Number of protein chains: 2
Amino acid sequence: MTAQRRVVAEVLDGEHVHLTADEVHARAVAKLPEISRATVYNTLGELVSLGEVLEVTTDNRAKRYDPNAHRPHHHLVCSRCGAIRDVHPTGDPLADLPASERFGFMVSDVEVTYRGVCPDCTKA
Amino acid sequence: MTAQRRVVAEVLDGEHVHLTADEVHARAVAKLPEISRATVYNTLGELVSLGEVLEVTTDNRAKRYDPNAHRPHHHLVCSRCGAIRDVHPTGDPLADLPASERFGFMVSDVEVTYRGVCPDCTKA
DNA sequence: CCTTGACTTGGACTAAGTCCAATGTAGGAT
DNA sequence: ATCCTACATTGGACTTAGTCCAAGTCAAGG
């Protein structure tokens, strides 16, 4: 555990939002000015492999990193401004995929992304 | 309706798979050698706006274009090789998102992506 | 035949991320 | 305490996917 990794972990821990890698880097630089982008990418990659952090891809622009990896949840994304909320739908979509629709895959995971317009964008 | 647009539409129509923009361009060039990448991007963008084609983002690499826009469906993706199948789960995930979990959003759409390992990759 | 407006082209540009060789450093062995 | 070694970090070059734009082309109507 190096200073750099601790800083990246702290950034994600402190912010309950969904940051891009560049945003993580910016906040990390504020705490440890000499940290490089490559290290932030490396560390984020490790945190993802360890299952401590989730990668979220909502718009094919930058990936976002979600520190809330331990309580399963899905996402609700504003199609105008890109705001993201964690949501907890009822029901289990995995159960809704019958064997006949699995094509022999070993299905292990499912991601659900709801899209809509957030209250702020509805007003504006 | 220009020759270029017709070619792009034909490519998507002919292939029942999920092509990237570059793959669409490659196949379009085979039919109309002077077609440019910019035109392929423009035309794909128009087809998406018209609702004729869906954009699918599974891995934060290239977007893929799905000509099967008229029958609603979701996707099953192999986490090893990236293969994509269309699937039709039972149930409606929109109904599984209670108002209390909508945070005032006007929710209009939901995408479900199942992940697993395909038969070929399980063998290998 | 000329004009007009839309379509297309190719190349430059951008954003996000990866890769790599060189450098630095933490922590165990002596 | 010092040295070694393996791993972490750095910064810059590179790649990929996509966007943007000025200039060129084309088709249709007048």
Side-chain angles (χ1 to χ4, degrees), chain A residues 1-12 15 17-50 52-66 75 77 79-82 84 113, chain B residues 1-12 15 17-50 52-66 75 77 79-82 84 113:
Chain A
M1 174 61 67
T2 64
Q4 287 81 351
R5 292 181 189 199
R6 197 174 334 105
V7 165
V8 171
E10 278 172 21
V11 166
L12 285 171
E15 307 268 350
V17 294
H18 302 81
L19 300 171
T20 64
D22 267 358
E23 287 163 352
V24 172
H25 180 234
R27 284 167 170 71
V29 165
K31 301 184 182 223
L32 184 67
E34 69 275 23
I35 195 171
S36 74
R37 289 191 337 117
T39 296
V40 171
Y41 277 105
N42 288 342
T43 307
L44 288 173
E46 282 161 28
L47 289 171
V48 169
S49 312
L50 292 172
E52 293 296 314
V53 164
L54 289 180
E55 261 179 17
V56 186
T57 299
T58 57
D59 61 351
N60 217 43
R61 301 192 59 86
K63 288 177 204 164
R64 295 178 172 274
Y65 292 88
D66 183 344
H75 293 103
V77 180
S79 20
R80 298 252 179 89
C81 69
I84 304 177
T113 305
Chain B
M1 174 61 69
T2 64
Q4 286 81 351
R5 293 182 187 196
R6 195 173 336 103
V7 164
V8 170
E10 279 173 19
V11 165
L12 284 171
E15 306 268 349
V17 294
H18 302 81
L19 300 171
T20 64
D22 267 359
E23 287 163 353
V24 172
H25 179 235
R27 283 167 170 72
V29 164
K31 300 184 183 224
L32 185 67
E34 68 275 24
I35 195 172
S36 74
R37 287 192 337 117
T39 297
V40 171
Y41 277 106
N42 289 342
T43 307
L44 287 173
E46 281 159 31
L47 289 171
V48 169
S49 312
L50 292 173
E52 293 297 314
V53 163
L54 288 179
E55 260 179 17
V56 185
T57 300
T58 57
D59 62 349
N60 216 44
R61 301 193 57 88
K63 288 178 205 162
R64 293 176 174 275
Y65 293 87
D66 184 343
H75 293 104
V77 180
S79 20
R80 298 254 178 87
C81 70
I84 304 177
T113 306

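Given the structure is predicted, the values throughout are model-derived calculations rather than measurements. Convention: sequence-line order gives letters A, B, ...; per-chain numbering from 1.
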If you measure from NE2 on His18(B) to CG on Leu12(B), what distance do you get to the nearest 0.5 Å? 11.0 Å

Give every donor-acceptor pair under 3.5 Å between a side-chain atom in residues 21-29 of chain A and any protein atom, sequence neighbours left out.
| from | atom 1 | to | atom 2 | distance (Å) |
| --- | --- | --- | --- | --- |
| Glu23(A) | OE1 | Thr20(A) | N | 2.9 |
| His25(A) | NE2 | Ile35(A) | O | 3.2 |
| Arg27(A) | NE | Glu15(A) | OE2 | 2.9 |

Base contacts versus sugar-phosphate-only contacts with protein, heavy atoms under 4.0 Å: please encode nucleotides 10-24 of chain C as B, S and - from 5' to 3'. B----SSBBB-----

Flag side-chain contact, heavy atom, 4.5 Å: [X] against [Y]:
X	Y	result
Lys31(B)	Val11(B)	yes
Asn60(B)	Asn60(A)	yes
Gln4(B)	Leu32(B)	yes
Thr2(B)	Arg5(B)	yes

Contact list (N/O, under 3.5 angstrom) for nucleotides 3-7 of chain C vs protein:
| from | atom 1 | to | atom 2 | distance (Å) |
| --- | --- | --- | --- | --- |
| dC7(C) | O5' | Arg5(B) | NH2 | 3.4 |

Specify the separation, in whole Å, of atom CZ of Arg6(A) and atom P of dT25(C). 15 Å

So which of Asp66(B), Thr113(B), Thr58(B) actually passes side-chain hydrogen bond (donor to acceptor under 3.5 Å, both in side chains) with His75(B)? Asp66(B)

Would Glu55(B) and Tyr65(B) count as a side-chain contact (heavy atoms from CB on, under 4.5 Å) if you check the C-alpha gap in whole Å, the side-chain angles of each, and the deciding distance to 0.1 Å? CA-CA 5 Å; Glu55(B) 260 179 17; Tyr65(B) 293 87; 3.5 Å; yes

